[in-house]
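Some notes on the structure that comes next.
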2 protein chains.
Amino acid sequence: MTVKYKEIADCLEQEIQNGKFDDTKKLPTEEELMKKFEVSRNTIRKAINQLVNRGYIYQVQGSGMFLREQSVTDYINLGSLRGLTKDLAAKEIVTKILSVQVIEADEEKTKKLRCKVGAKIYYVKRLRIVDKEPFSIEISYFNKDIVPYLNEEIASHSIYSYLINDLKLNISFADKVINCEKIKAETAELLQVHPNDPALIIENTVCLANGTIFELSKSIFHYQKAKILNRINFQ
Amino acid sequence: MTVKYKEIADCLEQEIQNGKFDDTKKLPTEEELMKKFEVSRNTIRKAINQLVNRGYIYQVQGSGMFLREQSVTDYINLGSLRGLTKDLAAKEIVTKILSVQVIEADEEKTKKLRCKVGAKIYYVKRLRIVDKEPFSIEISYFNKDIVPYLNEEIASHSIYSYLINDLKLNISFADKVINCEKIKAETAELLQVHPNDPALIIENTVCLANGTIFELSKSIFHYQKAKILNRINFQ
DNA sequence: AAGTGGTCTAGACCACCGT
DNA sequence: CGGTGGTCTAGACCACTTC
């Protein structure tokens with residue numbers, strides 16, 4: 001991960017977050033950045049491209065690179081694959097474990113996780129509490145071939161930190177399907193809403209860099225508390 | 001728009017959609033594509049990058065480029081900025097105009113559209129009907145400086161086709177905020193659901209390449225019919 | 001006309017996958 | 001080990017914005 005363009009992107013991201021360009025809303029030119037970081041133009045452009053994709057800036061040909069409006073806190077960031085802990089870093093997040101166990105894949109899980117019937121998978125159900133109020137229910141299934149170990153201790157913090165930093169998993173891409181439904185009675189009770197109230201749902205299929213599916217998850221959000229932000233660029 | 005890498009990306013996209021690589025689920029190597037299209041490696045890689053961002057393929061270092069699982073046509077594609085007509089191309093879409101008029105910006109619109117108080121803006125309210133059933137209500141506000149003309153005729157087809165192909169607007173990026181709410185009585189009636197049923201909401205702020213905001217919109221979707229798909233890549 | 005981003009080339013070397 | 005993608009460089013020319 002010691003790659004020049006990512007280091008530059010992370011550095012600039014930090015500077016943006018620290019408000020370094022807030023007065024002009026404008027970044028240095030590509031030439032200036034080339035000199036500052038002592039790299040070629042393509043490397044600068046690749047770093048810049050990261051910031052564009054992360055939703056921080058936009059580029060105007062002939063004019064420059066400018067900050068995008070609005071802070072990104074308080075929203076679930078659909079574009080990141082980092083989990084709630086990172087999205088809502090400014091808030092206090094408590095996780096209550098409802099279940100962590102190894103189960104055998106039934107036919108549906110086999111199909112969705114693309115594993116064999118009877119393969120071992122981790123089943124994790126958690127209640128996420130944000131600023132002391134119930135925020136979401138998260139039900140996850142992990143392929144045990146890829147996530148060989150998991151326990152309540154790990155699940156009560158950030159599973160994604162564990163997967164990335166400890167297991168060194170190379171998480172690469174995901175499909176996310178969003179819809180809304182009437183909430184079921186048992187879930188409603190956990191989220192402290194009424195049965196048949198709305199619920200915002202995100203279903204996730206997450207893959208490693210080699211294309212292997214390693215996680216399925218379903219998150220059910222409190223309809224008054226969860227807002228999803230997605231910044232997109234036309235291509 | 002006659003740019004090599006985009007032409008190559010569009011060509012490969014077409015081939016993917018035509019099922020050309022369905023047997024192996026694998027694309028030709030970069031070298032093969034360089035020869036086929038007679039361009040440099042960087043240009044091929046830029047084209048490939050488009051396909052990755054559009055959610056068609058993933059790359060595995062040392063191994064090759066592979067198709068992602070088929071994206072179904074029944075989803076609203078959050079990553080595109082093309083409007084419902086393109087997202088649900090396989091379906092019959094009918095648009096019923098509820099209102100098209102020029103209004104003056106109030107304080108709230110002024111702030112969100114970043115225009116002057118009293119500036120002229122188009123207000124468009126439409127009911128979208130998919131396969132003969134009510135699907136969504138779309139309320140849009142366009143800055144009249146940028147969209148000088150609009151009428152029922154245009155609004156009853158694809159506004160985005162008009163903006164891109166006729167007005168030659170350079171639509172570039174957008175913020176999308178998704179949440180869900182209890183639906184209000186008047187909207188419920190239009191979508192043929194019950195008051196207080198769930199509603200899936202997408203609020204959109206859309207910008208041109210130079211950063212100007214030109215559209216605000218709010219789409220209220222039928223909770224049982226709308227599903228949003230988002231394909232993301234970890235960066 | 002000067003400044004700044006967008007496209008494209010040619011070539012080098014590295015990192016990872018599979019045999 | 002050969003094949004294949006990932007990173008990086010140096011330089012050229014084009015397109016758009018701004019003055």
Side-chain angles (χ1 to χ4, degrees), chain A residues 1-10 12 21 24-53 56-68 168-173 207-212 233-235, chain B residues 1-10 12 21 24-53 56-68 168-173 207-212 233-235:
Chain A
M1 191 68 97
T2 62
V3 185
K4 283 187 186 177
Y5 78 88
K6 281 187 183 166
E7 272 179 4
I8 295 170
D10 290 344
L12 290 171
F21 312 112
T24 58
K25 306 272 184 205
K26 198 168 187 238
L27 264 65
T29 65
E30 294 183 348
E31 185 126 12
E32 286 167 331
L33 293 173
M34 284 167 67
K35 281 177 188 158
K36 173 174 175 183
F37 291 103
E38 296 182 299
V39 294
S40 73
R41 184 156 174 235
N42 274 346
T43 301
I44 286 297
R45 284 182 63 78
K46 216 168 170 200
I48 290 297
N49 195 38
Q50 297 274 308
L51 297 177
V52 171
N53 287 334
Y56 287 105
I57 63 171
Y58 62 94
Q59 293 169 286
V60 182
Q61 185 172 6
S63 182
M65 304 184 280
F66 304 87
L67 294 188
R68 280 176 78 163
K168 308 287 182 200
L169 291 190
N170 203 341
I171 299 171
S172 179
F173 59 94
C207 300
L208 302 180
N210 64 9
T212 320
N233 298 284
F234 196 54
Q235 304 211 326
Chain B
M1 194 69 93
T2 62
V3 185
K4 284 187 187 177
Y5 78 88
K6 279 187 185 168
E7 273 180 5
I8 295 170
D10 290 344
L12 290 171
F21 312 113
T24 57
K25 305 273 186 202
K26 195 168 189 235
L27 263 66
T29 64
E30 294 183 349
E31 185 125 11
E32 285 166 332
L33 292 174
M34 284 167 66
K35 282 177 187 157
K36 173 174 176 184
F37 292 103
E38 296 182 301
V39 294
S40 73
R41 184 154 175 236
N42 274 347
T43 302
I44 285 297
R45 285 182 63 77
K46 215 167 171 200
I48 290 297
N49 195 38
Q50 297 273 307
L51 297 176
V52 171
N53 287 334
Y56 287 105
I57 63 171
Y58 62 94
Q59 293 169 287
V60 182
Q61 184 172 5
S63 180
M65 303 185 281
F66 304 88
L67 294 188
R68 279 175 80 164
K168 309 286 182 199
L169 291 191
N170 203 340
I171 300 172
S172 179
F173 58 95
C207 301
L208 301 179
N210 64 9
T212 320
N233 298 283
F234 197 53
Q235 306 212 324

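Every chain is numbered from 1 and lettered A, B, ... according to where its sequence line falls, protein lines coming before strand lines.
- Comparing A:Lys46 and B:Asn210 by the nucleotide of DNA chain D whose heavy atom lies nearest to each, the residue mapping closer to the 5' end is A:Lys46.
- Separating the CD atom of A:Gln50 from the C1' atom of D:dG6 is a distance of 13 Å, rounded to the nearest angstrom.
- Residue B:Tyr5 has no polar side-chain atom (N or O) positioned under 4.0 Å from OP1 or OP2 of C:dC8.
- Between the CG atom of B:Leu51 and the P atom of D:dG5 there is a distance of 13 Å, rounded to whole Å.
- A search for side-chain contact (heavy atoms from CB on, under 4.5 Å) contacts involving B:Lys36 returns B:Glu15, B:Lys20, not counting sequence neighbours.
- Residues meeting the side-chain contact (heavy atoms from CB on, under 4.5 Å) test with A:Thr24, sequence neighbours left out: A:Lys26.
- Put simply, CG on B:Asn42 is 14 Å from P on C:dA12, counting in whole angstrom units.
- To the nearest angstrom, C1' of D:dA10 lies 16 Å from CD of A:Glu38.
- In this structure, the CZ atom of A:Phe37 is 17 Å from the C1' atom of D:dT7, given to the nearest Å.
- For A:Lys4, a side-chain nitrogen or oxygen approaches OP1 or OP2 of D:dT9 to under 4.0 Å.
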Under-3.5 Å N/O pairs linking protein and nucleotides 1-5 of chain C:
| residue | atom | partner | partner atom | Å |
| --- | --- | --- | --- | --- |
| C:dG3 | N2 | A:Gly62 | O | 2.9 |
| C:dT4 | O2 | A:Gly62 | N | 3.4 |
| C:dG5 | OP2 | A:Glu30 | N | 3.0 |
| C:dG5 | O4' | A:Gly62 | N | 3.4 |
| C:dG5 | N2 | A:Gln61 | NE2 | 3.0 |

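- Each of B:Val39, B:Thr43, B:Leu12, B:Ile8 was compared with B:Leu33 under the side chain to side chain contact (heavy atoms under 4.5 Å, CB included) criterion, and only B:Leu12 meets it.
- Among residues two or more places apart in sequence or in another chain, the side-chain contact (heavy atoms from CB on, under 4.5 Å) test is passed with B:Glu31 by B:Thr29, B:Lys35.
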Side-chain atoms of residues 44-51 of chain A: list all donor-acceptor pairs with protein atoms under 3.5 Å, sequence neighbours left out, distances to 0.1 Å.
| residue | atom | partner | partner atom | Å |
| --- | --- | --- | --- | --- |
| A:Arg45 | NH1 | A:Glu30 | OE2 | 2.6 |
| A:Gln50 | OE1 | A:Arg54 | NH2 | 3.3 |

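- Between B:Asn49 atom CG and C:dG6 atom P there is a gap of 14 Å when expressed in whole angstrom units.
- Residues A:Tyr58 and A:Leu67 come closest through the heavy atom pair CE2-O, 3.7 Å.
- For the pair A:Met34 CE and D:dG11 P, the interatomic distance rounds to 10 Å; values are reported in whole Å.
- At the phosphate of C:dG11, neither OP1 nor OP2 sits under 4.0 Å from any side-chain N or O atom of B:Ser40.
- With sequence neighbours left out, the side-chain contact (heavy atoms from CB on, under 4.5 Å) criterion links A:Ser63 to A:Val60, A:Phe66.
- One atom, CD1 of B:Ile8, and another, C1' of C:dT9, lie 13 Å apart when rounded to the nearest Å.
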